[in-house]
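Read the structure below first, then the notes.
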There are 2 protein chains.
Amino acid sequence: MNQTVIPKPDYEAALREAGVRITRPRRVILGILSDAGDHPDAMEIFRRAVAIDNSISLSTVYRTMKLLEGIGAIHRHAFEGGPSRFEPAVGDHHDHLIDIETGDVIEFQSDRIEELQQEIARELGYEIVHHRLELYGRKRRRR
Amino acid sequence: MNQTVIPKPDYEAALREAGVRITRPRRVILGILSDAGDHPDAMEIFRRAVAIDNSISLSTVYRTMKLLEGIGAIHRHAFEGGPSRFEPAVGDHHDHLIDIETGDVIEFQSDRIEELQQEIARELGYEIVHHRLELYGRKRRRR
DNA sequence: CTTCTATTTGCAAACGATTTGCAATTGCAT
DNA sequence: ATGCAATTGCAAATCGTTTGCAAATAGAAG
């Protein structure tokens with residue numbers, strides 16, 4: 001058996017390195033992020049946090065997400081028609097396919113597409129700072 | 001000389017077909033859209049509208065955009081970190097490169113990327129309903 | 001283990017973009 | 001010209017997110 005290892009980021013080390021305090025609310029939120037297999041939004045993170053420590057506030061969730069985003073520990077995705085959703089910045093770059101029926105997010109990666117984007121930008125006289133590729137679709141009917 | 005013809009959509013006909021009334025505010029907004037070479041947001045459309053008829057309200061701009069989007073006459077783009085921007089749904093599909101310094105939008109099109117997206121979705125068992133490909137970049141320093 | 005202070009918190013209020021309820025206005029079929 | 005449903009402007013409401021502020025606390029220093 002060969003299970004793919006899903007690396008868990010060491011947020012606490014990252015925070016310490018950024019010179020910020022490791023508080024109880026932050027520890028709770030970091031824990032939630034560490035073992036989130038999905039792409040939760042702030043409200044969902046808040047719900048999960050409150051289940052652990054009901055004194056945590058939504059503001060703190062937002063502030064912590066901003067902090068983590070700032071140090072590059074998480075990525076924020078503004079998918080269509082909804083609040084921002086977050087994911088640990090672990091592993092390598094990928095884009096997203098969003099199931100418009102369930103909201104599920106599937107990650108994918110295409111070197112070829114990345115190359116083509118570079119090529120296009122170059123031809124237009126630009127250098128890409130970042131990009132966004134999102135496919136919105138529904139499960140294909142089994143045939 | 002061979003100038004590319006930029007088709008101007010006949011919004012009024014489209015509206016009439018949709019069975020909605022052609023009012024003064026709508027006529028003004030449609031005129032603005034018809035000869036907008038850029039991708040203005042609601043506030044910008046509002047400003048341009050007020051310059052023509054100062055009794056037009058922002059709500060009406062929003063309502064009209066929603067209406068036009070509903071009948072497929074315009075496209076709404078939610079680029080990063082800003083209000084939605086609109087463009088006439090004329091010509092064929094294209095994606096966007098956004099100049100992060102100026103906010104300028106450059107349109108581009110890549111059959112190859114479209115194909116690859118289809119391929120990826122199919123492999124994942126999905127059919128694409130729509131997609132979003134945005135490149136954010138800055139002008140490459142002339143060398 | 002106390003003391004100290006800058007950082008962080010929770011709360012409520014402010015925010016920007018967009019939508020909505022409502023009474024007044026207006027297109028347009030008659 | 002008339003009548004009424006569609007549309008408007010306005011103000012207030014909404015949603016996701018941010019912010020000011022006074023109270024709480026992490027964690028360095030003793």
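Order of the sequence lines fixes the chain letters, A, B, ..., with proteins taken first and strands second; residue numbering starts at 1 for each chain. Because only heavy atoms are used, hydrogens play no part in the values below, and waters and symmetry mates are left out as well, while side chains stay in.
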Interatomic distance, B:Asp41 CG vs C:dG16 C1' [rounded to whole Å]: 12 Å
Atom-to-atom span, CD of A:Glu12 to C1' of D:dG27 - whole angstrom: 14 Å
Partner of A:His39 under side chain to side chain donor-acceptor pair (under 3.5 Å), chosen from A:Arg85, A:His75, A:Glu107: A:Glu107
Side-chain heavy atoms of A:Asp95 within contact of A:Leu135, under 4.5 Å: no
Nearest non-hydrogen partners of A:Glu69 and A:Ile74, listed with the distance: N-CG1, 3.6 Å
By side chain to side chain contact (heavy atoms under 4.5 Å, CB included) - contacts of B:Arg112 (at least two apart): A:Leu116, B:Ser110, B:Glu115, B:Leu116
Gap between atoms NE2 and C1', on B:His77 and C:dA17 respectively (whole Å): 18 Å
Nearest-angstrom distance from the residue atom CZ of A:Phe79 to C1' of D:dG16: 17 Å
A:Gln117: partners by side-chain hydrogen bond (donor to acceptor under 3.5 Å, both in side chains), with sequence neighbours left out: A:His131
Residues that B:Tyr126 engages under side-chain hydrogen bond (donor to acceptor under 3.5 Å, both in side chains), provided they are two or more places apart: A:Asp99
Stretch residues 45-56 of chain B: residues that reach within less than 4.0 Å of DNA chain D through a heavy atom: B:Ser55, B:Ile56
Euclidean distance, A:Met65 CE relative to A:Ile29 CD1, rounded to 0.5 Å: 7.5 Å
Bend angle of the helix from C:dC1-D:dG30 to C:dA14-D:dT17, from helix axes over five pairs at each end, nearest 10°: 30°
Of residues 57-68 of chain A, the positions that come close to DNA chain C - non-hydrogen atoms, cut-off under 4.0 Å: A:Ser57, A:Ser59, A:Thr60, A:Arg63
Those residues that, when tested against A:Arg48, pass side-chain hydrogen bond (donor to acceptor under 3.5 Å, both in side chains) (two or more places apart): A:Asp38, A:Glu44
For residues 13-21 of chain A, tabulate all N or O donor-acceptor pairs below 3.5 Å that involve a side-chain atom, not counting sequence neighbours.
none

A:Arg140 with B:Glu127: basic N within carboxylate O range, under 4.0 Å: no
Annotated protein contacts, base or backbone, on nucleotides 23-30 of chain C with a non-hydrogen cut-off under 4.0 Å, one of B, S, - each: ---BBS--
All side-chain hydrogen bond (donor to acceptor under 3.5 Å, both in side chains) counterparts of A:Ser59, not counting sequence neighbours: none
Whole-Å gap separating P (D:dG16) and CD (B:Glu80): 19 Å
Set of residues satisfying salt bridge (charged side-chain N to carboxylate O under 4.0 Å, His left out) with respect to B:Asp53, sequence neighbours excluded: B:Arg24
Results of ring pair (Phe, Tyr, Trp, His ring centres under 6.0 Å) for B:Phe79 - residues two or more places apart only: B:His77, B:His96
